[in-house]
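Data first, discussion second: the structure below is written as structure tokens.
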Amino acid sequence: MAENSSPDFGRVVSFMDVGTNSARLLMVRINPNHSYTVLTSQKEVVRLGEGEFSDDEVLQPEAMQRALDVLSRFSALAKHYQATEVIAVATSATREANNQADFLKMLMKECNLELRVISGKEEARLVYLGVSSGVDLADTKAMFIDIGGGSTELAYGGQHQYDYLDMFKLGAIRLTQLYFLPGEPEPVAPSRYALIKNYVRNTAIRAINRLREEDTSICYGSSGTIMNIGEMIMQRSEKRRLVRDDVVSLEQIKELAAHLCSLSLEDRRKVPGMNPERADIIVSGIAVLETLLTEIGVKQICISERSLRDGLLVDYLGRMGIGAYAEQMSTRERSVLQLARSCHFDEHHANTVAALSDQMFEGLRECRLLTLGEEERELLHYACLLHDIGTFLSYTNHDQHSYYLVKNTDMLGFDQKELEMMAVVSMFHRKSWPKRSCPELAEFDDERLACVRQLAVILRIAESLDRTHMDVVKQVRIEPIDKKRVALMARAEGDCQLEAWGTSNHVNSFRKAFGRSVELRIEQVDAPSAS
């Protein structure tokens with residue numbers, strides 16, 4: 001049965017990236033509340049550029065047929081999900097092919113797919129959008145590198161704006177065709193590897209000189225080539241699989257390159273972590289990466305699983321003026337809002353709780369009862385927005401459900417410890433005290449446990465102050481009474497008996513967390529009259 005794409009369920013959009021080595025699909029539903037849901041994400045090796053990068057620069061019939069077969073399946077999936085829009089782009093192999101028009105006509109005729117060929121700079125821009133939207137750069141800037149089959153893209157910029165974009169004809173398939181015979185089985189001599197690196201250096205020299213002037217201490221790498229390099233390094237160094245945002249050093253890349261060159265093609269296929277389909281082109285790919293990082297002066301690279309197809313989605317959301325992507329929100333804010341809206345949270349209530357928590361946090365700091373900083377304040381804010389999302393699964397034990405969703409949803413811009421902190425603070429927003437014996441806190445040291453307790457108490461009081469979800473309590477502040485007591489001053493418009501009763505349940509928790517008793521004092525004010 002096909003997925004429903006009526007207005008009540010949102011609309012489905014399909015994004016396709018037809019590269020030199022692989023074709024990728026991302027299918028999402030754009031929900032009415034401006035969140036989106038990923039319906040399927042797929043990747044197929046097509047080797048569209050195989051045999052192309054020679055004097056005639058022609059897509060080979062076998063390569064075009066492989067691409068057609070895969071894109072026919074992608075188009076069938078789009079039809080199955082009732083996609084209202086299909087956005088498909090082609091990069092290096094199609095861009096440079098002299099028989100490009102024939103390939104595009106074939107796709108239109110066989111699977112009714114209009115493939116848009118994009119420039120190298122546009123490809124670099126979309127890669128930048130896809131990767132930067134998945135990390136939290138705050139006020140810093142970073143370098144971005146993507147090594148494809150036919151080209152390599154470089155970008156430099158901040159969270160929302162790039163300073164530099166460029167593309168070079170330095171793909172893994174392209175260089176393999178230039179320096180190796182098809183299926184060449186022998187190890188790669190150091191002299192030949194040096195020739196490849198010298199070619200990369202000469203081709204990208206202007207970009208190298210330009211980026212040497214920038215702070216490239218933060219660098220992100222994307223693409224199947226870089227992810228496969230990272231996978232092999234993790235298997236060699238830590239005996240585990242690559243996980244999101246793993247960091248590898250230039251020295252590790254150099255060591256792996258030397259090892260791969262020393263092996264025959266057959267033995268390269270057996271290297272732990274190696275994708276056998278990349279064994280014949282991986283030496284060229286790692287030569288590009290090693291050379292660019294060395295020449296620019298980058299010491300390490302963070303490996304991103306995001307790519308151009310994610311950039312297509314981000315670009316689409318921005319152009320359509322949809323939600324957070326039309327605003328200049330941080331990656332963290334977008335991630336939190338995406339999860340919360342996907343769970344159909346009470347947005348007004350969540351924002352009210354977040355605002356009251358922020359006021360309490362500041363008041364407790366001014367009274368010197370809280371020594372936590374802005375990082376913890378930010379995590380508290382997000383925990384407030386997410387504390388009730390577990391009701392999406394069931395109201396019963398929704399605090400446990402919230403914990404599971406926050407901890408296990410792959411929210412971008414956060415590391416694992418931050419996700420765990422937000423998850424446990426969300427979970428303890430009701431009555432239970434965060435005990436050392438709780439399995440969810442087993443890995444928390446004393447400092448993190450104390451932080452959880454303080455943030456959870458702030459959240460549960462703020463949540464109680466909006467118990468009716470009517471936004472009765474407009475403002476709170478903390479005032480000291482004496483050395484043993486503080487007053488929680490609440491400014492309210494209208495009856496707030498339920499809020500007062502709910503807050504009274506947390507007096508003991510407040511004393512445990514902050515070493516003071518708390519007294520709720522309510523200041524009733526008239527609601528502003530309608531003009």
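Small disclaimer: the values here were computed from a predicted structure and weren't measured. These values consider heavy atoms only, across backbone and side chains, with no hydrogens, waters or symmetry-generated copies.
Inter-residue side-chain proximity for Thr225 and Leu289 is flagged as unmet; no heavy-atom pair is nearer than 4.5 Å. Counting only heavy atoms from C-beta outward, the side chains of Arg66 and Leu48 never approach each other to under 4.5 Å. Using a 4.5 Å cut-off on side-chain heavy atoms (C-beta onward), Ile196 and Leu175 make contact. Under the 4.5 Å side-chain criterion, counting only non-hydrogen atoms from C-beta, Cys302 is not in contact with Ile218. Inter-residue side-chain proximity for Leu337 and Glu347 is flagged as met; some heavy-atom pair is nearer than 4.5 Å. Between Pro185 and Ser264 the shortest side-chain heavy-atom distance does not fall below 4.5 Å. When side chains are defined from C-beta on, Ile145 does not count as touching Val298, because their heavy atoms never get closer than 4.5 Å. Phe144 has its side chain out of reach of Tyr162: every pair of non-hydrogen atoms, C-beta onward, lies at least 4.5 Å apart.
To the nearest 0.5 Å, atoms OG1 (Thr216) and CG (Leu292) are separated by 11.5 Å. In this structure, Leu178 CG and Phe53 CZ are separated by 11.0 Å, a value rounded to the nearest 0.5 Å. Going from atom CZ of Phe444 over to atom CE of Met421 covers 5.5 Å, rounded to the nearest 0.5 Å. Distance CG/Asp102 to CG/Leu107: 11.0 Å, rounded to 0.5 Å.
With Asp17 contributing its side chain and Leu308 its backbone, the two residues share no donor-acceptor pair below 3.5 Å. The closest donor-acceptor contact from the side chain of Asn21 to the backbone of Val45 lies at 3.5 Å or more, if one exists at all. With Gln159 contributing its side chain and Leu137 its backbone, the two residues share a donor-acceptor pair below 3.5 Å. Although no hydrogens or angles enter the test, the distance criterion places a donor-acceptor pair under 3.5 Å between the side chain of Gln60 and the main chain of Val58. Under the 3.5 Å distance criterion, the side-chain polar atoms of Asn99 are matched with a main-chain donor or acceptor of Leu59. With Gln100 contributing its side chain and Thr94 its backbone, the two residues share a donor-acceptor pair below 3.5 Å. The backbone N or O of Val86 sits nowhere less than 3.5 Å from a side-chain atom of Ser14 that would complete a donor-acceptor pair. Side-chain atoms of Asp315 never come within 3.5 Å of backbone atoms of Leu126 as a donor-acceptor pair (strictly under, hydrogens ignored). Under the 3.5 Å distance criterion, the side-chain polar atoms of Glu376 are matched with a main-chain donor or acceptor of Gly373.
Using modelled atom types and a 3.5 Å distance limit, the side chains of Asp146 and Ser307 yield no donor-acceptor pair. Checked by atom type, the side-chain pair Glu85/Tyr316 shows a donor-acceptor distance below 3.5 Å. When only modelled atom types and interatomic distance are considered, Arg201 and Thr294 share no side-chain donor-acceptor pair under 3.5 Å.
When every heavy atom of Val314 is checked against every heavy atom of Leu129, the shortest pair comes out as CG2-O, 4.3 Å. Leu77 and Gln42 get closest at one heavy-atom pair: CD1-NE2, 3.2 Å. For the residue pair Ser426 and Ser402, the shortest heavy atom distance occurs at CB-CB, 4.5 Å. Residues Ser92 and Thr20 come closest through the heavy atom pair CB-OG1, 3.5 Å. Across all their heavy atoms, Glu153 and Met167 have their closest contact at OE2-CG, 3.1 Å. The minimum heavy-atom distance linking Ala23 with Val70 is given by the pair CB-CG1, 4.1 Å.
Considering Ser133, Ser222, Ser132 as possible partners of Arg306, the one that fulfils the side-chain hydrogen bond (donor to acceptor under 3.5 Å, both in side chains) test is Ser133.
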For this session: Check the pair Glu378 / Arg332 against salt bridge (charged side-chain N to carboxylate O under 4.0 Å, His left out), numbers first and verdict last.
Result: CA-CA 10 Å; Glu378 182 185 15; Arg332 291 188 173 201; 3.4 Å; yes

Exercise. Do Thr37 and Asn31 pass the side chain to side chain donor-acceptor pair (under 3.5 Å) test, and can you show the C-alpha distance, the side-chain angles, and the key distance before you say yes or no?
Worked result: CA-CA 7 Å; Thr37 304; Asn31 301 314; 3.1 Å; yes

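Look at Glu420 and Lys417 and you find no salt bridge, because none of the NZ, NE, NH1 or NH2 atoms lies under 4.0 Å from a carboxylate O. With respect to Glu122 and Arg95, no salt bridge is recorded, no charged nitrogen being found less than 4.0 Å from a carboxylate O. Ion pairing between Glu231 and Arg278 fails under the 4.0 Å rule for side-chain N and carboxylate O. The pair Asp215-Lys141 does not meet the salt-bridge criterion, since no charged nitrogen lies less than 4.0 angstrom from a carboxylate oxygen. A salt bridge links Glu295 with Arg212: the distance from a Lys NZ or Arg NE/NH1/NH2 to an Asp or Glu carboxylate oxygen falls below 4.0 Å. Salt bridge status for Glu255 with Arg236: absent, with no side-chain N to carboxylate O gap under 4.0 Å.
Heavy atoms of other residues, nucleotides or ligands lying less than 6.0 angstrom from CD of Glu238 number more than 12. Counting non-hydrogen atoms of neighbouring residues, nucleotides and ligands closer than 6.0 angstrom, the CZ atom of Arg206 reaches no more than 12 such neighbours. Heavy-atom contacts from other residues, nucleotides or ligands closer than 6.0 Å to OH of Tyr404 number 12 or fewer.
Cation-pi geometry between Arg309 and Phe15 is not met: the NZ or CZ atom fails to fall both under 6.0 Å from the ring centre and inside 45° of the normal.
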